[in-house]
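Naming: A, B, ... by sequence-line order, numbering from 1 per chain. None of these values were measured; they are calculated from a predicted model.
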Amino acid sequence: MSHPIKTIPGITKESTEELIAKTLEVYPEKAKKKRAPHLGANDQASGSACVKSNKKTVPGVMSARGCAYAGAKGVVWGPIRDMVHVSHGPVGCGWYSWGTRRNLMTGKLGVDQFAMQFTSDFQEKDIVYGGDKKLKQLLTEAKELFPLAKGISVLSECPVGLIGDDINSAAKQSAKELDLPIIPCNCEGFRGVSQSLGHHISNDTIRDHIIGTREFSEPETPYDISLIGDYNIGGDVWSAKALLEEIGLNVKSVWTGDGELEKIAATHTVKLNLIHCYRSMNYMCKVMEEKFGIPWLEFNFFGPTKIRESLRSIGERFDQTIQDKVEQVIAKYDPIMQAIVDEYRPRLEGKKVMLLVGGLRPRHTIGAYEDLGMECVGSGYEFAHTDDYDRTAPEMPDATVVYDDPSEYEFEKFAHALKPDLIGSGIKEKYVFQKMGIPFRQMHSWDYSGPYHGYQGFSVFARDIDMAVNSPTWKLVESPF
Amino acid sequence: MSHPIKTIPGITKESTEELIAKTLEVYPEKAKKKRAPHLGANDQASGSACVKSNKKTVPGVMSARGCAYAGAKGVVWGPIRDMVHVSHGPVGCGWYSWGTRRNLMTGKLGVDQFAMQFTSDFQEKDIVYGGDKKLKQLLTEAKELFPLAKGISVLSECPVGLIGDDINSAAKQSAKELDLPIIPCNCEGFRGVSQSLGHHISNDTIRDHIIGTREFSEPETPYDISLIGDYNIGGDVWSAKALLEEIGLNVKSVWTGDGELEKIAATHTVKLNLIHCYRSMNYMCKVMEEKFGIPWLEFNFFGPTKIRESLRSIGERFDQTIQDKVEQVIAKYDPIMQAIVDEYRPRLEGKKVMLLVGGLRPRHTIGAYEDLGMECVGSGYEFAHTDDYDRTAPEMPDATVVYDDPSEYEFEKFAHALKPDLIGSGIKEKYVFQKMGIPFRQMHSWDYSGPYHGYQGFSVFARDIDMAVNSPTWKLVESPF
Amino acid sequence: MSAEAAVKYVTETPESEKERVAAWINTEEYKELNFKREALVIAPPHTCQPLGAELVAHAFEGSLPFVHGSQGCASYYRSTLNRHFREPAPAVSDSMTEDGAVFGGQNNLHEGLENAIAIYKPKMVSIFTSCMPEIIGDDLVAFLKNARNKGIIPEGMPVPFANTPSFNGSHIHGYDAMLLSILQTLTEGKKVEGRCTGKINLIPGFDANTGNFREYKRLFAEFGVPATILGDISDVFDVPCDGTYHTYPGGTKLDDAADSINGKATLSVGPYSATKTFAWLKDNYSGKHAAIPMPLGIAKTDEFIKKISELSGKPVPESIKNERGRAVDAMTDSHQYMHGKKFALYGDPDQLLGYVSFLLEMGAIPYHILCSKGSKKVEKEIQALLDSSMYGKGCKIYMGKDLWHMRSLIMTDPVDAMIGDTHGKFACRDAGIPLFRFGFPIFDRVNKHRYPIIGYQGVINMVTEICNKFIDIKDETCEDRFFEMMR
Amino acid sequence: MSAEAAVKYVTETPESEKERVAAWINTEEYKELNFKREALVIAPPHTCQPLGAELVAHAFEGSLPFVHGSQGCASYYRSTLNRHFREPAPAVSDSMTEDGAVFGGQNNLHEGLENAIAIYKPKMVSIFTSCMPEIIGDDLVAFLKNARNKGIIPEGMPVPFANTPSFNGSHIHGYDAMLLSILQTLTEGKKVEGRCTGKINLIPGFDANTGNFREYKRLFAEFGVPATILGDISDVFDVPCDGTYHTYPGGTKLDDAADSINGKATLSVGPYSATKTFAWLKDNYSGKHAAIPMPLGIAKTDEFIKKISELSGKPVPESIKNERGRAVDAMTDSHQYMHGKKFALYGDPDQLLGYVSFLLEMGAIPYHILCSKGSKKVEKEIQALLDSSMYGKGCKIYMGKDLWHMRSLIMTDPVDAMIGDTHGKFACRDAGIPLFRFGFPIFDRVNKHRYPIIGYQGVINMVTEICNKFIDIKDETCEDRFFEMMR
């Protein structure tokens, strides 16, 4: 799709580059040199990245990034509801990632859903003598205590790799003994430069251990699809899945929000993989395409404009039946969405937003803000790659600032200069900007709200954005004394 | 029943009289002279009152007494659940007595139970022009808004009597027009010397307006009784009624806790009136005895000893069937009660209690304390008459202090001298004594607990008394600094 | 005795009929019928004047509240204060009975004064009336003059008195009348030309939150501004339990009250519950005078702080600026839990204005606003607040209505929560919504009166209680799949 | 790739099987199986050392917490603090990656220091480690010496560092290690013979309640005793929202911390979370030293107040005596709402001891006491408390257990409520009991960290929250006929 060039009054390539240069002034030379290529002015027409990305974080700059383990546990594995996910190593990693990502699950905790923290709680002696024996014992204990778990993932933390434990062989042996899928995932936090490698490693592990190990018992249909890269934050999957079903598709498996191991294992039999979060799961889509010939399609379920476009693109991959349903669904929701826009747009028109999120939302949500009359004056990712930034360029207004893995300092300076009416980023940034009196929404966790996906999600999104921007509390920030 | 003489080490007639004399020292002569006859040392053997009672309160001494309205609204009328009780006059009286007596009710508020406050909310103009017209209008409104109310009581507050309104004729006229029992009760607060006259006036009003106006549709049985003088504080009626039913009696009506107007109206057909609170309802028992030949019997449902005695006395009024059931019931509960006593008595043995309550509990609860190993070192009533004090004498240990309508000052001085481990009195006294570090239970309202009647009640009573006396919080009162 | 002839049997209302009525009382039709009421008042959330008079009569050093009237009245007032504060409330009455109606209450008053003074050794006896003497027309001025002449009242003992007829106004007016009389009595002859105490006098108005009083004092101390709280209940109704009982544990010092007439300034934050007192003060007290709203919510607290600064000539201290910032921080951090939530609220005018202001500041909607005893002036002032915010749109004010009206409102046009006193709990139960007990009286929760709702700290307290309750409800009512670690 | 041959179909667990297991996990049989676990740890309520290190690294003026290790670790610690306090938690890491394992972390550390100091302009950089450098054996002493030699660390800038391996101890030990290093660094060479600051140094230990810190300071001020809180988070994690953001909004002044070695006395109220620090202090600090329990509940607060009096030589002020009396008043007034109620509790040793003491004082029963990371000494001390009261009879202590054990305990042997942190909410939901969030972290309620639980005011706060919740439950769950005005 070619986009018209959007501009923001007062923002030019020059102004943005000046802003970047001024921001970097405080940096030591080496750091400045490292950081400069990660900050740029968007070239909307080019449709390609204006920044470098997926590089090591510069030490000491206060990055928002996480690690490979975080990507593996928090994003890919954690949301699979019917598995026991063991954080293998010291207690902390599992503790920090326990319940903090809002990937909702159906089922009963400890019965057929396992959102607790499982850890091997490494002690000094495990470091010295190795943890493989402990691992095997805990796998047995997990199987005994949680008989309905469909499998166990073993997610390595830093020490495991560093001391040279062989979790793969331990897992393999236990899997056999316990007659249960036990998936070892070498996602130590020191691997790679961000969460991103954790996604990739996890995808590879799914490829190696899971995909193709099951088939659906019911007959295939032409409308079988899987929903990839939706983690059910605040119920996103439930909204997205319902919408896909409304246009006549059979959502056979979900990766991995509220996901089920065996359905994921049988995904190789679907007709199309629909992928929402490209960054975290494009690997598996590509694998399934290569290996099983399953085509895949990126889509965007944020905001009525993008949803409409996405539904039509999806429809194009199917027959007239689906295409007709797509039109019916669009016709059904258009007036509902218009009513929402009519309610909130007058209160949000012309408001500026800046984003810094993970691997999808910095570009995917722009349309939704625009549906509400807002414009995006800066965007960036914690852990994106060039292909993400390529996809971002056409969405962002021209010449606006793009930042890759920005330091808190950079983000603050940009915000100070651009004076956004809203910032959408993570918990680590939230209170920094709120202290400055800038409205903020956590855009990793939907700020404990959601869903934001699909038509259902847009009503929640619009309400939340209005609430954040127009909360009367902001008017109180400036002291009269 | 003749009682053995109980004594308390250190308490003699002389010590008590000295205490009284010292207490009154501070009083002006006139007040001293007025108050002296109301304070005395119990003469247990005599079985008769050692104090004067039912006299005007001495002005300015800080009495705990209420007024006739309080006796009428709070005690007699308020607990009848299926009537609208209008506090006729200014807003306060109804407001203060709204929900503060804990006479529990079944039914749904505003549908078939009316525990809200209803007031005519007199304004200056009602004082000047009279409130009869307003009364008639509000009766119509009440009937419209509460169609399931079985009747309406109109309880006069002070101004109504003083300005000469004729609520009797207004009520009579409205009753006819609305085809609904509307009972006027001239219980203005200035009448009499305490709540007591309010009880009497209300009894008379029941006699004049209600009793005999209904009959039970089901056939009479030899076991038909009514339960009189139980106000269902904290569920007392539910406990007492269940126990009476367990010994085979049919409790046809309850006066007036959780009471129903029409059942009360048909009470003249029962075979025996069982009266718990003699003070507030002996009038009606006497009337029913005179007029309908219904015998009546006082009983005491506090603590296993008194319950046992009472059940047997009640049994004596009936045939062998009932007497056998009485023994079965006693045999069933004795071990349960013993277990309670075994649990709490070791922690309460020898503890001293002082009481100041209304018209029943200062004597009726003594046995229950004694069941727990405690002894009563002082007791008195807010609004008792000589016949109450006569009944008290045999229950109290010899030479202990008895006080009628004591001032807060007197009560404080007595407590100071007698150093009780527990005081049982009302909300106005509670925090005075708690400040002194003396455990306290509200014995009008069961301190928001209950029931205390019957076997069920004793388990609650014992737990509460232990909790009050042995709460570790008392040990903290004395400051280490 | 009844004149009925034919036997009437005891009837039972059929269950179906009960169900019909139970459903009916929740309908719009019922609401209309309910709002047509003109004579019957059901569950009004205000009480009579003497209660307010007693509250302030307790609030001065060594002051013994004295009810000229029936003893039952006194017991009712005392019990109410006992239950709300869980504290003693020593007060006497002169126990007028029937003969008072005939002979007047002078004998009772005199005997009562003699006894009370002998037994309870007050420094001041604060007299107020209940219905009887008001109706029979007792002349308190004469009675007290006679009492002084007879030596019943010791030389120099102040004995203020207030006529507080229950058939007029409400507890806030009784508060005002008694406070006025106390100040008139204590300051009589104490005005000294040229003298200035250097203090600010604060008139809090009817307020049964001891925490508020401590907070006022803390704020003045933070400012370094000496102040006299006129009617200080903080040490009267929040008394240490240390094994001793004191009849008069606190209250505004009589000397301070007397000298308040020479104050640097006098500030009322109870404009609706100390109206007459303030009007009198303005004409009689030295220094500046100002009446501003009760400092509830940020804006009204700002006004309060600015006013102290203005009256004292001192700058707002950094510590208070930081407090403000922390309160605003609490609000910005948790606005999402209250934003758009609809509230029903009722109470005394001063508090009600504050609740409305605070809710609007949070983006919450003060939807049903009920004042059982208000005035056109109050209504206009609330309406002006509503008009000042987009969150006030569609909100309605109901003056002179009661809690049975409120029930109809919330059953037919639901809200998320109610703010009021304990009496609102029945309607809230029927509506399935929480009740935030910020009003008076609170009979069914502990320590609520120890937590200020005024000032910036009060904002934090209200935000905390309200937001956490909404989160509680979410946690308690959500499906398993929405039960989460974070909120 | 899987080596399976035959086609395996996707299976569904039958509902009946789910129901069977759902019932089974609540049984005594399951509990026994659960308690047999030796390797698997499920939902432990403690985390790793660096989190504690970061907390205290924030608690000094201009101190920038610096994680030597993977950046993911730093993000996890920061997020935890952000969520708990709803405040910023600026900290950096030196972003070690794979090559660190090969070459060691010196380059990262040096580059990180250079950048952090240039960008965030700290007065002190407080370094602590996560797993990687601990395992590869980075020599921080040498690295830092080299950094100084290379001029990376500006002259005079203190750079304390602590080894805080995650595979050892818990957050409280990391707190201790970092605090020790900060004090050692800051006080080095600052001991002056004969000098006495006249101040009492307070070591609060690991405590994530900013209200507690303000309360400590208020109590010292009330005493008129100058004090230095060593590791003061109150202005760091409770910052005004006034339109400006400050990286270092508060914390113990570095000069005060340096001079603390010349203090009049040093008092630790975190005996289990500042053990090593206190041991070192005792040998190195001037003046008197005392380690007493955290002042939770009346008795332990009495001990604290007595100790301040003893160490300062000042009498306990009347105002504090009155506070004590008011707290006791709150307890006597509401003991009936807690008396005999059974609690399950878990947390860090210092807090746990306080909860147990407080509950016993209220006549409540600390029935299941769980400490996921305790010691024999803690266990003995808790047991001694239990033995001191009849309400401790039958209570059991579970050391080294986790919240999945706790779930078995409360499902098989029920209690009325739980005291803990947010992580207990799942077990509480299953058991249908309330969770009192006094611990750390609290992710799902607002402002809890602003309300002190220490001192007499803390007692009132705990009494209020607990009792009112029990009354809430009564009001919400009782039949209509037991729904009442008064409680």
Side-chain angles (χ1 to χ4, degrees), chain A residues 81 95 97-113 115-117 232-235 237-238 258 346-347 427 430-431 433-442 444-451 463-464 466-481, chain C residues 223 297-299 301-306 308-310 314-341 357-365 388-392 456 459 463 471 474 478-487:
Chain A
R81 74 167 188 245
W95 191 88
S97 56
W98 174 18
T100 49
R101 189 152 179 266
R102 304 200 63 234
N103 45 275
L104 304 185
M105 289 182 180
T106 46
K108 173 93 186 91
L109 188 74
V111 176
D112 58 343
Q113 180 261 82
M116 302 95 96
Q117 183 207 356
N232 203 32
I233 307 307
V237 158
W238 299 325
D258 200 27
R347 305 215 286 260
I427 186 75
K430 181 177 171 97
Y431 303 106
F433 292 112
Q434 292 199 168
K435 291 283 182 233
M436 302 178 191
I438 302 176
F440 190 98
R441 289 293 295 179
Q442 292 184 64
H444 298 270
S445 69
W446 305 153
D447 229 323
Y448 322 134
S449 176
R463 183 203 62 192
D464 287 357
D466 169 59
M467 172 167 78
V469 172
N470 291 310
S471 167
T473 58
W474 303 115
K475 294 206 193 96
L476 305 169
V477 170
E478 201 189 333
S479 169
F481 313 128
Chain C
F223 249 105
I298 296 291
T301 300
D302 287 349
E303 197 177 339
F304 174 70
I305 296 295
K306 273 189 283 189
I308 298 180
S309 176
E310 179 196 318
K314 289 203 171 193
V316 178
E318 279 310 304
S319 62
I320 289 183
K321 290 183 196 170
N322 285 337
E323 277 183 41
R324 183 189 191 280
R326 285 197 289 269
V328 171
D329 190 63
M331 294 170 84
T332 56
D333 281 2
S334 50
H335 70 269
Q336 72 239 51
Y337 306 106
M338 283 180 69
H339 190 105
K341 289 269 197 285
S357 184
F358 164 70
L359 290 174
L360 293 172
E361 285 173 349
M362 286 298 286
I365 301 166
S388 73
S389 164
M390 62 183 282
Y391 303 96
Y456 302 121
V459 168
V463 165
I471 303 174
K474 188 159 197 174
C478 70
E479 292 173 45
D480 275 352
R481 63 186 181 140
F482 291 111
F483 186 72
E484 294 184 63
M485 194 72 84
M486 300 187 306
R487 293 293 186 197

On a heavy-atom basis, which atom in A:Leu476 and which in C:Glu361 lie closest, and how many Å separate them? CD1-CB, 4.0 Å

Please flag which part of [X] lies under 4.5 Å from any non-hydrogen atom of chain C: side chain, backbone, both or neither.
X        : value
A:Lys435 : side chain
A:Met105 : backbone
A:Phe440 : neither
A:Asp258 : neither
A:Trp238 : side chain

Which one, C:Glu479, C:Met362, C:Met486, leads in non-hydrogen pairs under 4.5 Å with chain A? C:Met486

Counting heavy-atom pairs under 4.5 Å with chain A, which one of C:Asp480, C:Ile320, C:Ile305 comes out on top? C:Ile305

To the nearest 0.5 angstrom, please state how far the CZ atom of C:Arg481 sits from the CG atom of A:Leu104. 8.5 Å

May I ask you to decide whether A:Lys430 forms a salt bridge with C:Asp333, counting only side-chain N to carboxylate O separations under 4.0 Å? no

Counting only non-hydrogen atoms closer than 4.5 Å, does C:Tyr391 touch chain A with its backbone (N, CA, C, O), its side chain (CB onward), both, or neither? side chain

What part of C:Asp329 is in contact with chain A, defined as an atom under 4.5 angstrom from a non-hydrogen atom: side chain, backbone, both or neither? side chain

Given the options A:Arg102, A:Met467, A:Lys475, A:Gln113, which has more heavy-atom pairs under 4.5 Å with chain C than any of the others? A:Met467

